[in-house]
Amino acid sequence: MTIQQEVESILAALGVPAAATTKGELTVRTPITGEVIAQIPTITAEAAQKAIAQAHAAYLEWRNVPAPRRGELIRILGEELRANIEPLGRLVTIETGKLLSEGHGEVQEMIDICTFAAGLSRQLAGLTVPSERSKHRMMETWHPLGVVGVISAFNFPVAVWSWNAALALVCGDAVVWKPSEKTPLTALATQAIFERAAKKFGNIPVGLATLLIGDAKVGEQLVDSPLIPLVSATGSTAMGRAVAPKLAARFAKAILELGGNNAAIVAPTADLDLTLRAIAFSAMGTAGQRCTTLRRLIVHESVYDKLVPQLKKVYGSVVVGDPGAQGTLVGPLIDERSFNAMQKSLEEARSAGATITGGERVFTANPGTANPEAFYVRPALVEISSQAEVVKRETFAPILYVLKYTGFTDALALHNDVPQGLSSSIFTMNLREAELFLSATGSDCGIANVNIGTSGAEIGGAFGGEKETGGGRESGSDAWKQYMRRATNTINYGTDLPLAQGVSFDIS
Ligand code: NAD
């Protein structure tokens with residue numbers, strides 16, 4: 001079966017009509033072979049405005065449905081996803097080039113957040129706060145917010161929607177989704193799965209979860225719409241820079257999940273065997289195309305000569321090729337633009353005096369790689385003596401910069417001396433170093449780990465980062481609060497009217 005035929009059969013199994021993917025101006029390619037796998041129509045500006053208005057009307061109805069009942073919709077969605085983990089996971093692999101286990105892992109993440117959100121639907125609780133006034137009660141109530149706009153990136157084409165949508169829908173909001181223009185097929189499939197869940201649930205307002213396929217202009221419509229009080233935008237820092245001021249200008253809320261430049265410190269006492277395995281997955285997994293990919297390795301001078309040669313061996317031998325084939329650990333880059341950006345950064349590093357292992361284009365036995373539109377690379381290990389400008393920038397490709405340190409304070413300073421602040425790790429058996437790394441004066445990132453890599457977060461924690469990563473938090477913990485508005489209520493059940501702070505205002 002050709003990839004094209006496989007895509008057609010997966011889409012049919014998932015309930016996406018063939019007419020939705022065979023005619024249209026958006027060309028979809030699989031990075032596995034570079035061949036065209038679909039032509040998809042995009043939404044017009046007028047139709048997008050209508051869809052946003054319809055989502056707003058849906059929110060006005062949905063907010064009246066009790067939260068635990070809203071949770072039932074998400075529980076059913078989780079069941080539908082569970083039943084379709086195979087085909088949807090494979091489609092993620094075909095559309096993004098991730099390994100098959102990562103494609104399935106992405107759908108598992110969607111299932112997990114549905115489980116989390118269904119439970120959460122009975123726990124959207126506010127505090128009761130002691131009042132300073134006699135016979136008064138003070139409490140917080142959480143109310144639905146409105147329409148949530150979700151803009152997502154190509155590298156987690158469906159999980160990011162679910163992180164937002166599962167929470168937003170149990171919180172009583174409606175959702176309008178603008179996926180990456182590079183991954184509309186998995187979005188269409190997810191929407192079909194949602195619609196099946198909605199049918200089983202019965203009687204949900206039309207437009208409660210809407211998909212708008214188009215380019216950045218459609219994203220801009222979400223950002224500019226007064227009917228959308230919250231936009232959750234995942235993508236590059238450049239995208240965040242365009243979006244953030246517009247949202248701020250109309251006092252809308254923003255959850256920004258932007259670029260990372262994640263580092264790990266390898267201390268003298270590190271368990272080097274475990275460290276090597278953790279680095280391999282974090283730096284080369286998903287072909288370096290995760291926001292949490294390990295991009296900088298800061299190694300103590302006493303273990304450098306032991307660890308780095310071992311790493312070079314792994315980098316030289318890791319299997320690069322078809323992400324669906326057994327044994328492959330590194331699949332393709334998403335497209336030529338990404339390949340060119342990688343080569344440009346490697347050139348810049350070379351000019352800054354770096355020694356580079358790997359980084360070249362790979363043509364494997366995989367039939368697809370004969371196609372000039374498929375871009376496979378050997379991951380690059382770049383030894384560099386200082387944190388040059390190129391090291392401080394996120395290049396969304398498998399490049400790992402390796403730096404050497406002597407004192408722990410210097411390692412921490414290097415670690416934090418980049419504009420981004422997403423994920424970080426330390427490998428050490430020294431309790432003091434580990435605790436310092438996690439303390440207020442340690443890592444400045446939203447995610448800080450000990451003895452595990454920078455990538456592969458669980459849905460139970462709040463996910464996101466500081467500085468140019470945007471400051472947003474999604475997924476677990478109390479991230480749900482962003483999808484609701486909080487009201488503070490004070491109730492007087494007495495006959496007097498005491499004023500707060502002892503203020504007197506006697507009109508008798
Ligand atoms: P991208 O910025 O090119 O596109 C992301 C999305 O934003 C797309 O849907 C795109 O159409 C839209 N968009 C672009 N400009 C816009 C604008 N001005 N207004 C509204 N929408 C706009 O990113 P990409 O190449 O798809 O993804 C890779 C980037 O995403 C990397 O930088 C990566 O680190 C980041 N990322 C971050 C996280 C996180 O959680 N922090 C997760 C995944 C990816």
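Everything numeric here is computed off the predicted structure, so don't read it as measured data.
- Proximity of a side-chain donor or acceptor of Lys312 to a complementary backbone N or O of Thr357 within less than 3.5 Å is not detected.
- Crowding of Glu458 atom CD: a count of heavy atoms from other residues, nucleotides or ligands under 6.0 Å not exceeding 12.
- Here the shortest heavy-atom pairing between Ala287 and Pro398 reads O-CD, 3.1 Å.
- Between Glu347 and Arg350, at least one side-chain nitrogen of the basic residue sits less than 4.0 Å from a carboxylate oxygen of the acidic one, meeting the salt-bridge criterion.
- With sequence neighbours excluded, the residues that form a salt bridge (Lys or Arg N to Asp or Glu O under 4.0 Å) with Arg473 are Glu466.
- When atom types are taken as modelled, the side chain of Asn164 and the backbone of Val160 share a donor-acceptor pair closer than 3.5 angstrom.
- Note that the OH atom of Tyr483 and the CG atom of Leu167 stand 5.5 Å from one another [nearest 0.5 Å].
- The backbone N or O of Ile334 lies less than 3.5 Å from a partner atom in the side chain of Gln289, making a donor-acceptor pair.
- For Phe396, the ring pair (Phe, Tyr, Trp, His ring centres under 6.0 Å) partners two or more places apart in sequence, or in a different chain, are Phe154.
- Not a single donor-acceptor pair under 3.5 Å links the side chain of Asn84 to the backbone N or O of Leu88.
- Between Arg296 and Val418, some side-chain heavy-atom pair lies under the 4.5 Å cut-off.
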_Stepwise salt bridge (Lys or Arg N to Asp or Glu O under 4.0 Å) check, Glu220 with Lys217_ = CA-CA 5 Å; Glu220 284 170 20; Lys217 287 217 159 47; 5.6 Å; no
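- Screening residues 417-427 for side chain to side chain donor-acceptor pair (under 3.5 Å), with sequence neighbours left out, gives Asn261-Gln420, Lys392-Asp417, Ser424-Ser443.
- Residues Val450 and Leu438 have side chains in contact (heavy-atom distance under 4.5 Å, counting atoms from C-beta outward).
- Judged by distance alone, the side chain of Thr328 and the main-chain N or O of Val319 form no donor-acceptor pair under 3.5 Å.
- One finds the CG atom of Asn449 at 11.5 Å from the CD1 atom of Ile426 (value rounded to the nearest 0.5 Å).
- Residue Gln326 places its CD atom among 12 or fewer non-hydrogen atoms of other residues, nucleotides or ligands, all under 6.0 Å distant.
- Arg29 and Asp335 are not joined by a salt bridge, as no carboxylate oxygen comes within less than 4.0 angstrom of a charged side-chain nitrogen.
- Residues Lys306 and Leu272 have side chains in contact (heavy-atom distance under 4.5 Å, counting atoms from C-beta outward).
- A side chain to side chain donor-acceptor pair (under 3.5 Å) check over residues 263-280, counting only residues at least two apart or in different chains, returns the pairs Thr269-Thr428, Asp273-Arg277.
- Taking Phe437 as the reference, His415 meet the ring pair (Phe, Tyr, Trp, His ring centres under 6.0 Å) condition, with sequence neighbours excluded.
- In this structure Tyr315 satisfies the side chain to side chain donor-acceptor pair (under 3.5 Å) test with no other residue, sequence neighbours excluded.
- In terms of the ring pair (Phe, Tyr, Trp, His ring centres under 6.0 Å) criterion, Tyr401 has no residue partners (sequence neighbours excluded).
- Among residue pairs with one or both ends in residues 234-251, those qualifying as side chain to side chain donor-acceptor pair (under 3.5 Å) are Arg241-Glu468; sequence neighbours excluded.
- Leu222 has its side chain within reach of Leu212: a pair of non-hydrogen atoms, C-beta onward, lies under 4.5 Å apart.
- How far CG of Leu120 is from CH2 of Trp480: 6.5 Å, rounded to the nearest 0.5 Å.
- Every pair passing side chain to side chain donor-acceptor pair (under 3.5 Å) that includes a residue from residues 88-101 is listed here, sequence neighbours excluded: Glu6-Arg90, Glu95-Thr186, Lys98-Glu106.
- Here Arg290 pairs with Glu102 under the salt bridge (Lys or Arg N to Asp or Glu O under 4.0 Å) rule; sequence neighbours left out.
- Residues satisfying the salt bridge (Lys or Arg N to Asp or Glu O under 4.0 Å) criterion with Lys313, sequence neighbours excluded, are absent altogether.
- Side chain of Gln123 to backbone of Gly119: a donor-acceptor contact under 3.5 angstrom is found.
- Taking CG of Asp444 as the reference point, atom CG of Leu412 lies at 9.5 Å (rounded to 0.5 Å).
- Checking side-chain atoms of Thr395 against main-chain N and O of Ala397 turns up no donor-acceptor pair under 3.5 Å.
- Side-chain contact of Ser232 with Glu474: a donor-acceptor pair under 3.5 Å is present, judged by distance alone.
- Counting only distance, with no hydrogens or angles, the side chain of Ser282 and the backbone of Leu294 share no donor-acceptor pair below 3.5 Å.
- Here the straight-line distance linking atom CG of Leu77 with atom CD1 of Ile113 works out to 11.5 Å at 0.5 Å rounding.
- You'll find the side chain of Leu91 reaches within 4.5 Å of the side chain of Leu11, heavy atoms only.
- Under the ring pair (Phe, Tyr, Trp, His ring centres under 6.0 Å) criterion, His104 pairs with no residue, sequence neighbours left out.
- Under a 3.5 Å cut-off, the side chain of Tyr376 and the backbone N or O of Ile32 do form a donor-acceptor pair.
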